[in-house]
Colleague: 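My questions will all concern the structure given below.
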Amino acid sequence: MISSPAPLHALLRCHPATPAGVALALSVEVHPVGEALRLRYVLRGEVAALRIPEPTAPGPADGLWQHTCFEAFVANEGEAAYREFNFSPSGQWAAYRFAAERERDAPGESRHPVSLEAPHTVVAPDTLVLTARVPFAAPARGLSALCIGLSAVIEEGNGHLSYWALHHPKERPDFHHRDGRALCLAAPSN
């Protein structure tokens, strides 16, 4: 279990190779609760100029990253394996396992399926707030931290996509790169 007395606040930056065409600021509040993280993405600015997926029946869906989508990549420190979680303002979500960078672990997904709560979204002309919960495996003995990458894809009304992350380790957007998991939460000492 990882715990934090107060939520952590992180500012996401737009990748310079995909500048936003409208004025936006994106932050994430991260609050570890037991063996889950509550993530609260807050997008401020010209939200009315964005293409926001319409609400639909909540549930799993692939390809959410092709439109406005909020993401989290979670790994135990020192491990190549990680989880990817995608959340759409539509109420749809996706959860993937990877054995290593971009090596999808479909058998692991089948053996250990994840069912997430639908994200909760509130949209106003100048603000979009999406709140989601993601589970994680507590770090094993000898590991000291949970490493998290926070990111988002934002689609403008004209279809232009900008890519936002806590840290951009490469010249092109790459949310899967291990150096993008720049937020580390320490495991409690037992």
Colleague: Check the pair Val153, Glu71 against side-chain contact (heavy atoms from CB on, under 4.5 Å), reporting the backbone distance first and the verdict last.
Modeller: CA-CA 8 Å; Val153 177; Glu71 304 182 0; 4.2 Å; yes
Colleague: Can you tell me how far the CG atom of Leu37 sits from the CZ atom of Arg133, to the nearest 0.5 Å?
Modeller: 9.0 Å
Colleague: Looking only at non-hydrogen atoms, find the nearest pair between Ala72 and Leu150 and report the distance.
Modeller: CB-CD2, 4.3 Å
Colleague: Quick one: do Asp174 and Arg102 make a salt bridge, cutoff under 4.0 Å?
Modeller: yes
Colleague: Compare every heavy atom of Ala20 with every heavy atom of Cys14, then report the nearest pair and how far apart it is.
Modeller: SG-N, 3.6 Å
Colleague: Is any side-chain heavy atom of Val114 closer than 4.5 Å to one of Pro135?
Modeller: yes
Colleague: With a 4.5 Å cut-off on side-chain heavy-atom distances among I, L, V, M, F, W and Y, is there a chain of contacts connecting Ile52 to Tyr163?
Modeller: no
Colleague: Assigning hydrophobic clusters by single linkage (Ile, Leu, Val, Met, Phe, Trp, Tyr; side-chain heavy-atom cutoff under 4.5 Å), is Leu39 placed with Val122?
Modeller: no
Colleague: Enter the distance from Trp164:CH2 to Ser27:OG here, rounded to the nearest 0.5 Å.
Modeller: 10.5 Å
Colleague: Would you say the ring centroid of Tyr82 lies under 6.0 angstrom from that of His176?
Modeller: yes
Colleague: Mind checking whether Ser88 and Thr56 have side chains closer than 4.5 Å, heavy atoms only?
Modeller: no
Colleague: Work out which heavy atom in Asp105 is nearest to a heavy atom in Ala99; give both atom names and the distance.
Modeller: CB-N, 4.0 Å
Colleague: Taking Trp65 as the starting point, is it possible to reach Val74 by hopping between hydrophobic residues whose side chains are less than 4.5 Å apart?
Modeller: no
Colleague: Donor-acceptor pair, Thr131 side chain versus Arg40 backbone, under 3.5 Å?
Modeller: no
Colleague: Nearest 0.5 angstrom please: Arg178 CZ to Phe73 CZ, how far?
Modeller: 14.0 Å
Colleague: Does the Asn76 side chain pair with the main chain of Glu79, one donor and one acceptor, at a distance under 3.5 Å?
Modeller: no
Colleague: Counting distance only, does the side-chain N/O of His168 pair as donor-acceptor with the main-chain N or O of Arg13 below 3.5 Å?
Modeller: yes
Colleague: When rounded to the nearest 0.5 angstrom, what distance separates OG1 in Thr68 from CG in Leu161?
Modeller: 8.0 Å
Colleague: Is there a side-chain contact between Leu166 and Leu12 in this structure, where contact means two heavy atoms from C-beta onward sitting under 4.5 Å apart?
Modeller: yes
Colleague: May I ask you to check whether over 12 heavy atoms, not counting those of Glu101, lie within 6.0 Å of atom CD?
Modeller: yes
Colleague: Rounded at 0.5 Å granularity, tell me how far CG in Leu185 sits from NE2 in His31.
Modeller: 10.5 Å
Colleague: When you compare the side chain of Ile148 with that of Cys184, does any pair of heavy atoms fall below 4.5 Å?
Modeller: no
Colleague: Quick check: closest heavy atoms across Arg51 and Pro53, and the distance to 0.1 Å?
Modeller: O-CD, 3.9 Å
Colleague: Quick one: does any side-chain atom of Thr127 pair with a main-chain N or O of Val123 as donor and acceptor, under 3.5 Å?
Modeller: no
Colleague: More than 12 heavy atoms of other residues, nucleotides or ligands under 6.0 Å from NE2 of His177: yes or no?
Modeller: yes
Colleague: Do the side chains of Leu183 and Leu26 join up, straight or via other hydrophobic residues, at under 4.5 Å, putting them in one cluster?
Modeller: yes
Colleague: What heavy-atom pair brings Ala124 and Val47 nearest, and what distance separates the two atoms?
Modeller: O-CG1, 3.5 Å
Colleague: Find the distance between OH (Tyr41) and CG (Leu130) and round it off to the nearest 0.5 Å.
Modeller: 8.0 Å
Colleague: Any side-chain heavy atom of Val28 within less than 4.5 Å of one from Val42?
Modeller: no
Colleague: Which atom pair, heavy atoms only, marks the closest approach of Ala81 to Ala75?
Modeller: O-CB, 3.5 Å
Colleague: Are the side chains of Leu50 and Leu24 in contact, using a 4.5 Å heavy-atom criterion?
Modeller: yes
Colleague: Please lay out, stage by stage, how Glu77 and Arg181 fare under the test salt bridge (Lys or Arg N to Asp or Glu O under 4.0 Å).
Modeller: CA-CA 10 Å; Glu77 182 180 47; Arg181 296 189 289 273; over 6 Å; no
Colleague: Do Phe70 and Phe87 make the cut of ring centroids closer than 6.0 angstrom?
Modeller: no
Colleague: Indicate if Leu11 and Phe175 have the same hydrophobic cluster label, given that clusters are the connected sets of ILVMFWY residues with side-chain heavy-atom separations under 4.5 angstrom.
Modeller: no
Colleague: Can you tell whether the side chains of Glu109 and Arg104 come within less than 4.0 Å, N to carboxylate O?
Modeller: yes
Colleague: Is Arg83 reaching over with its side chain to a backbone N or O of Tyr96, donor-acceptor style, under 3.5 angstrom?
Modeller: yes
Colleague: Is the closest side-chain heavy-atom distance between Glu29 and Arg38 below 4.5 Å?
Modeller: yes
Colleague: Quick one: do Glu84 and Arg97 make a salt bridge, cutoff under 4.0 Å?
Modeller: no
Colleague: Could you check whether any side-chain heavy atom of Pro60 comes within less than 4.5 Å of a side-chain heavy atom of Trp93, counting everything from C-beta outward?
Modeller: yes
